[in-house]
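To start, the structure under review is shown below, and the notes come after it.
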Amino acid sequence: MTDKQYIIAGNWKMFKTVDESTGFLKGLGELLPTLDQSRKDAVEILVFPPAVSLYPMKETRDKAAPGVQLGAQNMHHEESGAFTGEISALMLKDIAGYILIGHSERRHVFKETDRDVNKKIKTALRFGFKPMMCIGETLDEREAGKTMERVSQQLNDGLEGLSPQDIEKISIAYEPVWAIGTGKTATPEQAQEVHAFIREKIQEKISSPESFKILYGGSVKPGNSYDILAQKDINGVLIGGASLKIDDFFAIIQNSFKLLN
Ligand code: PGA
């Protein structure tokens with residue numbers, strides 16, 4: 001049992017049409033009132049849908065699933081310009097509350113660098129979003145004993161030039177690259193070890209590191225979510241595959257409620 005507050009976040013990646021997205025949210029809106037309403041403020045429920053679903057989902061959310069937070073999976077660091085195919089903070093302003101920044105697929109498939117991540121975080125903060133910065137080591141880095149070095153470098157580069165007040169508005173999702181979409185999860189102990197390290201690093205930057213939110217991501221499922229969420233320094237989960245199925249996503253939310261006092 002714990003006094004922690006949780007964020008349970010779903011990253012839908014490039015899955016779900018607009019109709020499927022709004023349908024999911026309506027379904028979730030029917031299930032949420034079955035949770036202990038006296039504890040609902042202790043768990044933030046957040047979905048990162050494809051960008052085209054954000055606006056219709058906001059309308060559905062307001063009517064059918066109040067309290068569910070919406071976030072964008074990515075954003076360009078410029079406000080506007082000749083960047084075909086990109087979306088800016090200005091366009092997302094009033095639609096999303098969170099922006100996922102530096103997800104491993106953005107880093108590895110779309111070649112985003114720590115410097116890009118830093119620029120995007122700064123823009124997101126300027127527009128009043130809550131940035132969720134993703135970090136994590138590859139399998140080669142883990143096997144070479146370089147996990148902490150890599151994580152530390154991503155933290156330092158991603159948060160460079162930010163004030164303590166800005167850093168307090170950010171959350172971190174630690175997602176070991178080898179665990180994303182592979183079915184291989186870090187053990188709760190492996191995840192806790194890195195989370196404790198991240199909190200120690202954050203402590204060097206802000207005065208209240210104990211309330212800083214650090215989420216775990218990588219093959220989180222209903223079956224492993226309780227033990228992961230029970231770890232001292234884990235404040236939530238970022239879920240890919242299992243967040244696409246309403247029953248699985250809701251089961252993970254239920255597990256977070258079981259861990260509340
Ligand atoms: P996964 O994805 O849960 O399918 O491993 C996690 C993520 O990419 O955020």
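Fair warning: this is a prediction, and the values are worked out from it, not measured in the lab. By convention here, the first residue in the shown sequence is residue 1. In listed order, ligands and their atoms are each counted from 1.
- The nearest heavy-atom contact from the protein to atom 9 (O) of ligand 1 is Glu175 OE2, 2.7 Å.
- Ligand 1 places these atoms under 4.0 Å from at least one heavy atom of Gly181: 1 (P), 4 (O), 5 (O).
- Near Gly218, meaning under 4.0 Å from one of its heavy atoms, ligand 1 places the atoms 5 (O).
- With respect to the salt-bridge test (charged N to carboxylate O, under 4.0 angstrom), the residues Arg199 and Glu210 do not qualify.
- Per-residue contacts place Lys13 under 4.0 angstrom from the following atoms of ligand 1 (heavy atoms of the residue considered): 2 (O), 7 (C), 8 (O).
- Contacts of Asn11 with ligand 1, taken as heavy-atom pairs under 4.0 Å, involve the side chain alone.
- Residue contacts with ligand 1 include Ser219, since one or more of its heavy atoms lies under 4.0 Å from the ligand.
- By the criterion of a heavy-atom distance under 4.0 Å, neither the backbone nor the side chain of Ala242 is placed next to ligand 1.
- A side-chain N or O of Glu44 and one of Tyr98 form a donor-acceptor pair less than 3.5 Å apart.
- Protein heavy atom at the shortest distance from atom 3 (O) of ligand 1 is Gly240 N, 2.9 Å.
- Summarising the geometry, atom CD1 belonging to Ile180 is positioned 8.5 Å from atom OG belonging to Ser219; distances are rounded to the nearest 0.5 Å.
- A salt bridge links Lys201 with Glu204: at least one charged nitrogen is closer than 4.0 Å to a carboxylate oxygen.
- From the protein, the heavy atom lying nearest to atom 4 (O) of ligand 1 is Gly241 N, 2.9 Å.
- At least one heavy atom of Ala179 sits under 4.0 Å from some atom of ligand 1.
- Using modelled atom types, one finds a donor on one side chain and an acceptor on the other under 3.5 Å when comparing Asp157 with Gln153.
- Salt-bridge check for Lys119 with Asp114: failed, with every basic side-chain N at 4.0 Å or more from each acidic carboxylate O.
- Close approach of ligand 1 to Leu238 (heavy-atom distance below 4.0 Å) involves ligand atoms 9 (O).
- Using a cut-off of 4.0 Å between Lys/Arg side-chain N and Asp/Glu carboxylate O, Lys58 and Asp62 are scored as salt-bridged.
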Test side-chain hydrogen bond (donor to acceptor under 3.5 Å, both in side chains) on Ser53 and Ser21 and set out the steps. CA-CA 6 Å; Ser53 291; Ser21 304; 2.8 Å; yes
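- Ligand 1 lies within reach of His103, whose nearest heavy atom is under 4.0 Å from it.
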